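The structure presented is a predicted model; accordingly, all values stated were derived computationally and were not measured.
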Amino acid sequence: MISLLNLKLALSSLLFLSFTVGAQEVKTQAEKELELVNFQKLKTVLSQDGLSEAAKNKKRQVELIKEEKKIIEQSKYLYPPLEVLRGISSEYFLVKNAQVLNWDFDKPDYGIDSTFKNLLEKLGFIQRRVKIIVFNSSQFIRFAVPGKDNDVILGLSLPFSKSLDLNKMEMSLLLLEDFLRYDMGQVFKQLNEEELRKIASTQFEEKNFQLQPVLNYADAERVLFSEKGFNFQQQFELTKKMDILLKPHAEIWNVYFQLLGRLDRMIKVNNLYKSYPKIYPSPEMQIKWLSPEERVL
Amino acid sequence: MRSLLCLLISLSSFNLQAEDKVVGVFYFKPLIGQLRQNSSKVSPALTTLQCGHPVKLLESSKVSVSPEWSYAEVSGHQGFILKKDLAEQRPDCLQSKYPKFFDGLNLDLSDLYYWGRLNDQFIEFETRAQ
């Protein structure tokens, strides 16, 4: 009987023990789960795996991208540099005065590009980019304005060229005058660039965008080549420059001298071009400046 | 009869377009330009395009082009474009470099039209050492 009781006791204690062990195992599992949400431990694991460093790198990358995005966004609100602003203004002048200048017409190939190119190269103007536009109007006669692609835009009136019955070389010599006027900085001096300089390559806010400097520059070009023109000093300097450049090429110099004579005679009789000496003073003076001094014996 | 005629016309135009073979995709270089109806600088414009616009170059047995022009397709229009205005790589355009400035120019339809025509009217060259 006692032995049976002992056996029961042993069995129950065994059951209790096994229960206790089972309870201990459940706790361990819970602890394991707790470990998973134990961030301190997780941090250690992550740092051991190098994931923490990777996360830092990623954060740095994101910051860099954000910074670059900001720079890109800011760069959208930039005015172009002065050279581009000048060129855009010049094309704006041509576009806004398209109907007055009447440059959109079917023109034959006058061959002035090759003649003028050869002339420039002969005179030592290398790697210069030139755009020529022939227009069918007498309201403007000639012009030289800055282009946006590091070039110069030269304009020449077809009716004016026809009135003088100009050949390719004579047209090229008139274009050369304008090219030099541009090259010597006379055009820039006559156009007030202050406003364009102020905004060039600067940043603007959407609300404070200024188009007026571009419009003013384009209008200044219109006024310069249709009304204001150049002064005697500038014209004298230009004529002397032409003289120096063409002197070694006697034949071309002679063509130029003869051309000025014809030009002088034409503007004195043709009312259509009576404003010419006001803009380019004056062929008569140019002839005097070019003529050899008379010596009294 | 009328509908048959229409069908014939549409079929013939389909055949004409079907003969066009795309030989490459180029990009438009100037600020603003035009796809022209004929290979002439004064030909009417079919569409106006801006710098960086993709242009499909076409080849067709029915269209002959002078050496300085290309037969091309832009936005569903087939026309002509000057070869010198096309680049193999996407060009560095003013519109993408200074987008807000370009928007600020506020060009209206007439401005866009004349700006597009202006580019083809220029006689361009660069001097070199003789």
Can you name the side chain to side chain contact (heavy atoms under 4.5 Å, CB included) partners of Lys247(A), sequence neighbours left out? Asp243(A), Trp253(A)
Go through Phe125(B), Phe102(B), Phe122(B) and name the one with the most non-hydrogen pairs under 4.5 angstrom from chain A. Phe125(B)
Centroid-to-centroid, Phe125(A) to Phe179(A), below 6.0 Å? yes
Heavy-atom contact with chain B under 4.5 Å, split by part of Val214(A): side chain
Between Glu170(A) and Tyr256(A), does the side chain to side chain donor-acceptor pair (under 3.5 Å) criterion hold? Intermediate values first, please. CA-CA 7 Å; Glu170(A) 289 164 338; Tyr256(A) 179 58; over 6 Å; no
When the 4.5 angstrom heavy-atom criterion is applied to Leu94(A) and chain B, the contacting part is side chain
All inter-chain donor-acceptor pairs under 3.5 Å (chain A, chain B):
unit_1    : atom_1 : unit_2    : atom_2 : d
Lys76(A)  : O      : Lys100(B) : N      : 3.4
Glu91(A)  : OE1    : Trp115(B) : NE1    : 2.6
Lys96(A)  : NZ     : Asp111(B) : OD1    : 3.0
Lys96(A)  : NZ     : Asp111(B) : OD2    : 3.1
Gln99(A)  : NE2    : Tyr114(B) : OH     : 3.2
Asp104(A) : OD1    : Arg117(B) : NE     : 3.2
Asp104(A) : OD1    : Gln121(B) : NE2    : 3.4
Asp104(A) : OD2    : Arg117(B) : NE     : 2.6
Lys107(A) : NZ     : Gln121(B) : OE1    : 2.3
Glu121(A) : OE2    : Arg128(B) : N      : 2.7
Phe125(A) : O      : Thr127(B) : OG1    : 2.7
Gln127(A) : N      : Thr127(B) : O      : 2.9
Gln127(A) : N      : Thr127(B) : OG1    : 3.1
Arg128(A) : N      : Thr127(B) : OG1    : 2.9
Arg128(A) : O      : Thr127(B) : N      : 2.9
Val130(A) : N      : Phe125(B) : O      : 2.9
Val130(A) : O      : Phe125(B) : N      : 3.0
Ile132(A) : N      : Ile123(B) : O      : 2.8
Ile132(A) : O      : Ile123(B) : N      : 2.8

Heavy-atom cut-off 4.5 Å, strictly under: side chain, backbone, both or neither for Leu215(A) against chain B? neither
Walk me through it: do Phe116(A) and Leu176(A) pass the test side chain to side chain contact (heavy atoms under 4.5 Å, CB included)? CA-CA 8 Å; Phe116(A) 184 46; Leu176(A) 179 66; 4.1 Å; yes
Check: Phe135(A) and Leu158(A) side chains under 4.5 Å, non-hydrogen atoms: no
Any heavy-atom pair between the side chains of Ile133(A) and Leu118(B) that's under 4.5 Å? yes
Do you know which of Val42(B), Leu107(B), Leu94(B) has the most heavy-atom pairs with chain A at a distance under 4.5 angstrom? Val42(B)
Looking at Leu109(B), I want to see if its CG is surrounded by more than 12 non-hydrogen atoms of other residues, nucleotides or ligands under 6.0 Å. no
I'd like to verify something: which residue of Leu120(A), Val134(A), Val130(A), Ile153(A) has the highest number of heavy-atom pairs under 4.5 Å with chain B? Val130(A)
Phe225(A) and Phe140(A): aromatic ring centres closer than 6.0 Å? no
Tell me whether the count of non-hydrogen atoms from other residues, nucleotides or ligands lying under 6.0 Å of CD in Glu251(A) goes above 12. no
Measuring heavy-atom distances to chain B, does Ile199(A) have an atom under 4.5 Å in its side chain, in its backbone, in both, or in neither? neither
